[in-house]
Amino acid sequence: MGLLNIISSIKDRAEKFLNEKNVVTDILGKMEEKTGIKKKVIALGAVSLTGLYLVYGYGASLLCNLIGFVYPAYYSVKAIESPCKEDDTKWLTYWVVYGVFSLGEFFSDIFLYWFPFYYAFKCLFLLWCMAPMSWNGSQIIYNKVVRPVFLRHEATVDNMVSDLGGKAMSAAENLTREVLTTLVKNKAVIIPSPPVAQSEAKSLPSTSGETSTAKVGPSEMNEERRFFR
């Protein structure tokens with residue numbers, strides 16, 4: 001009975017999505033007009049081809065990451081813009097679980113890469129985490145795993161983050177101070193020299209008449225006066 005409820009909930013959510021006005025439904029509507037095939041059938045075929053590509057296709061990792069990112073990112077933006085805060089909590093929970101899963105996958109990807117149908121199971125896991133139900137994967141993993149671990153080590157992590165933040169600020173201040181001190185010491189200070197004082201203008205040479213007059217004594221001057229008389 002539980003499985004039937006899950007399938008029914010997913011079916012209702014898919015029909016609601018196909019009836020909404022968005023880019024995907026616009027593309028499906030145009031394809032329905034050109035081919036005469038219903039949107040539901042086209043969407044089901046696209047999902048089936050995507051599943052086959054995740055199993056046998058090249059670049060399945062990129063496609064799987066897009067599936068786990070694009071749809072939640074779109075609805076996260078809608079949740080931010082909506083006045084209701086319930087959907088904000090829902091998608092924040094998903095992103096926390098997605099981050100924890102990505103961190104674990106980073107260290108185990110070298111082993112999981114060789115696991116058969118790994119990306120198909122990863123895609124199903126991400127779809128389960130974003131499923132439109134109250135007990136989807138992100139809610140279960142957060143409440144059963146992430147939240148208890150976080151509450152148990154919250155104080156320790158807060159102290160560690162505070163200490164690291166203080167040490168980082170202190171190191172940045174010391175580094176900045178040392179850099180400024182080094183720049184001041186190594187800066188070549190060029191003091192402009194005062195302008196050279198112009199030498200005094202040389203006196204013009206005196207004329208020959210003035211020179212000769214200056215050299216003539218008073219006795220010679222008297223003799224000249226007697227001569228002219």
- Tell me, which pairs form a side chain to side chain donor-acceptor pair (under 3.5 Å) where one or both residues lie in residues 153-177, sequence neighbours left out? N174-R177

- Item | Shared hydrophobic cluster for F101 and L103 (ILVMFWY, side-chain gaps under 4.5 Å) | no

- Drop me the distance from S138's OG to Y98's OH, to the nearest 0.5 angstrom. 13.5 Å

- Message: Working to the nearest 0.5 angstrom, can you tell me the gap between I67 CD1 and Y119 OH?
- Response: 13.0 Å

- Task: Check the hydrophobic clustering (I, L, V, M, F, W, Y; side-chain heavy atoms under 4.5 Å; chains of links allowed) and say if V97 and I140 are grouped together.
- Result: yes

- Query: Which atoms form the tightest heavy-atom contact between A73 and W95, and what is the distance?
  - Reply: N-CZ2, 3.6 Å

- Message: Would you say that T35 contacts I42 through its side chain, given a criterion of any heavy-atom pair below 4.5 Å between the two side chains?
- Response: yes

Table please: side-chain donor-acceptor pairs of residues 121-129 below 3.5 Å, with sequence neighbours left out.
from: K122; atom 1: NZ; to: N65; atom 2: OD1; distance (Å): 2.8
from: K122; atom 1: NZ; to: E105; atom 2: OE1; distance (Å): 3.1
from: K122; atom 1: NZ; to: E105; atom 2: OE2; distance (Å): 2.8

- Message: Suppose clustering is done on Ile, Leu, Val, Met, Phe, Trp and Tyr with side-chain heavy atoms closer than 4.5 Å. Which residues sit in the same group as V149?
- Response: none

- Message: Please determine whether residues V146 and V157 belong to a single hydrophobic cluster, defined as Ile, Leu, Val, Met, Phe, Trp and Tyr linked transitively by side-chain heavy-atom distances below 4.5 Å.
- Response: no

- Query: Are L63 and F69 grouped together when hydrophobic residues (ILVMFWY) are joined by side-chain heavy atoms under 4.5 angstrom apart?
  - Reply: yes

- Item | Euclidean distance, N136 CG relative to I141 CD1, rounded to 0.5 Å | 9.0 Å

- Message: Can you tell me how far apart CG (L180) and CD (E178) are? Round to the nearest 0.5 Å.
- Response: 10.5 Å

- Would you check, one step at a time, whether the test side-chain contact (heavy atoms from CB on, under 4.5 Å) holds for M31 with I37? CA-CA 8 Å; M31 295 178 66; I37 302 174; over 6 Å; no

- Task: Work out which heavy atom in S76 is nearest to a heavy atom in W91; give both atom names and the distance.
- Result: OG-CB, 3.5 Å

- Non-hydrogen atoms of P72 and M130 that approach each other most closely: CG-CE, 3.6 Å

- Message: Over 60° means perpendicular and under 30° means parallel, so tell me whether Y71 and Y75 are parallel, tilted or perpendicular.
- Response: tilted

